[in-house]
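One structure below.
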Amino acid sequence: QVQLVESGGGLVQAGGSLRLSCQASGRTSTSRAMGWFRQAPGKEREFVAAINWSSSTYYVDSVKGRFTISRDNVKNTVYLQMNSLKPEDTAVYYCAATTHVLLVVAALTTDLCDYWGQGTQVTVSS
């Protein structure tokens with residue numbers, strides 16, 4: 001089992017920044033890749049960014065150039081640096097981990113994620 005705990009969400013004005021953290025514990029060696037997803041009210045959960053153990057990354061087009069995913073393998077922590085935030089970024093952000101072997105990190109989907117955090121709210125005001 002892998003436990004994931006997110007932190008760092010909050011309320012920020014448009015154009016501002018936030019950094020989300022996801023602390024992993026348990027059998028973290030089984031995790032092949034980790035990612036961030038988000039879910040806005042009334043919408044399905046969507047992929048935001050992913051990173052694997054070799055630090056290959058992939059982003060959804062809407063956040064490219066604004067968000068950066070990174071990881072600290074010593075601390076078992078994944079980060080999501082979010083800059084130039086927009087009101088449409090408002091959502092609950094979830095950290096997830098997969099034990100599946102992915103040919104490319106871009107293949108990470110909600111169905112392939114084995115573990116999820118509890119989520120952290122990000123609200124961007126206009």
Side-chain angles (χ1 to χ4, degrees):
Q1 292 286 334
V2 175
Q3 293 78 45
L4 304 174
V5 178
E6 303 102 331
S7 62
L11 172 64
V12 64
Q13 289 187 333
S17 299
L18 284 174
R19 187 176 83 155
L20 305 182
S21 299
C22 174
Q23 173 73 55
S25 60
R27 297 186 64 188
T28 58
S29 62
T30 63
S31 173
R32 303 287 184 175
M34 296 184 69
W36 288 95
F37 294 76
R38 65 187 179 186
Q39 189 166 19
K43 295 187 177 181
E44 292 187 353
R45 192 169 299 187
E46 67 170 355
F47 170 85
V48 176
I51 187 168
N52 63 11
W53 281 110
S54 63
S55 292
S56 292
T57 59
Y58 183 75
Y59 302 88
V60 67
D61 285 347
S62 60
V63 307
K64 285 180 180 177
R66 300 189 298 122
F67 291 12
T68 303
I69 188 171
S70 62
R71 67 189 304 160
D72 183 328
N73 292 335
V74 174
K75 296 182 178 179
N76 287 323
T77 301
V78 173
Y79 304 97
L80 186 67
Q81 178 66 43
M82 306 185 294
N83 298 328
S84 302
L85 282 162
K86 305 175 181 180
E88 50 264 43
D89 295 317
T90 295
V92 177
Y93 283 70
Y94 296 92
C95 176
T98 181
T99 60
H100 294 77
V101 175
L102 304 177
L103 292 179
V104 292
V105 70
L108 184 63
T109 62
T110 55
D111 292 345
L112 291 176
C113 293
D114 301 289
Y115 304 103
W116 292 89
Q118 81 287 355
T120 185
Q121 176 70 47
V122 172
T123 303
V124 184
S125 63
S126 58

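The first residue of the sequence shown is numbered 1, and numbering continues consecutively from there. Basis for what follows: all heavy atoms, side chains included, without hydrogens, waters or symmetry-related copies.
- Contact annotation: the side chain of Phe67 approaches that of Val48 to within less than 4.5 Å [non-hydrogen atoms, C-beta and beyond].
- Between Glu6 and Trp36, the closest heavy-atom pair is CG-CZ3, 3.8 Å.
- Taking 4.5 Å as the limit, every side-chain heavy atom of Leu80 sits out of range of all side-chain heavy atoms of Arg38.
- Checked by atom type, the side-chain pair Ser125/Gln13 shows no donor-acceptor distance below 3.5 Å.
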Check your understanding: Passes side chain to side chain contact (heavy atoms under 4.5 Å, CB included), Thr99 versus Tyr115? Steps please.
Key -> CA-CA 9 Å; Thr99 60; Tyr115 304 103; 4.0 Å; yes

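- You'll find the side chain of Tyr79 stays beyond 4.5 Å of the side chain of Thr68, heavy atoms only.
- In terms of heavy-atom proximity, Leu108 sits nearest to Ala50 at CD2-CB, 3.7 Å.
- Looking at Tyr94 and Leu4, their side chains never come closer than 4.5 Å, going by heavy atoms from C-beta outward.
- Within the model, atoms NE2 of His100 and OG of Ser31 stand 12.0 Å from one another, a figure rounded to the nearest 0.5 Å.
- Between the side chain of Arg71 and the backbone N or O of Asn52 there is at least one donor-acceptor pair closer than 3.5 Å.
- Heavy atoms of other residues, nucleotides or ligands lying less than 6.0 angstrom from NZ of Lys43 number 12 at most.
- Between Trp53 and Arg32, the shortest heavy-atom distance links the atoms CD1-O, 3.3 Å.
- Taking the side chain as every heavy atom from C-beta outward, Leu20 and Val122 approach each other to under 4.5 Å.
- Nearest heavy atoms, Val78 versus Met34: CG2-SD, 3.4 Å.
- Here the rule is side chain to side chain contact (heavy atoms under 4.5 Å, CB included) with Arg66, and of Gln81, Lys86, Met82 only Lys86 fits it.
- The main-chain N or O of Arg27 is never found under 3.5 Å from a side-chain atom of Gln1 such that the two would form a donor-acceptor pair.
- Atoms OG and CG, from Ser55 and Asn73 in turn, are 6.5 Å apart once rounded to the nearest 0.5 Å.
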Exercise for review: Decide side-chain hydrogen bond (donor to acceptor under 3.5 Å, both in side chains) for Ser21 and Gln23; before the verdict, give the C-alpha distance in whole Å, the side-chain angles of both, and the deciding distance to 0.1 Å.
Suggested key: CA-CA 6 Å; Ser21 299; Gln23 173 73 55; over 6 Å; no

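- Using cut-offs of 30° and 60° for the angle between ring planes, the Phe47 and Phe37 rings count as perpendicular.
- Nearest heavy-atom pair, Thr90 versus Ala40, reported as atom, atom and distance to 0.1 Å: O-CB, 3.7 Å.
- The nearest pair of heavy atoms linking Val105 to Ile51 is CG2-N, 3.7 Å.
- Side chain of Gln39 to backbone of Ala91: no donor-acceptor contact under 3.5 angstrom is found.
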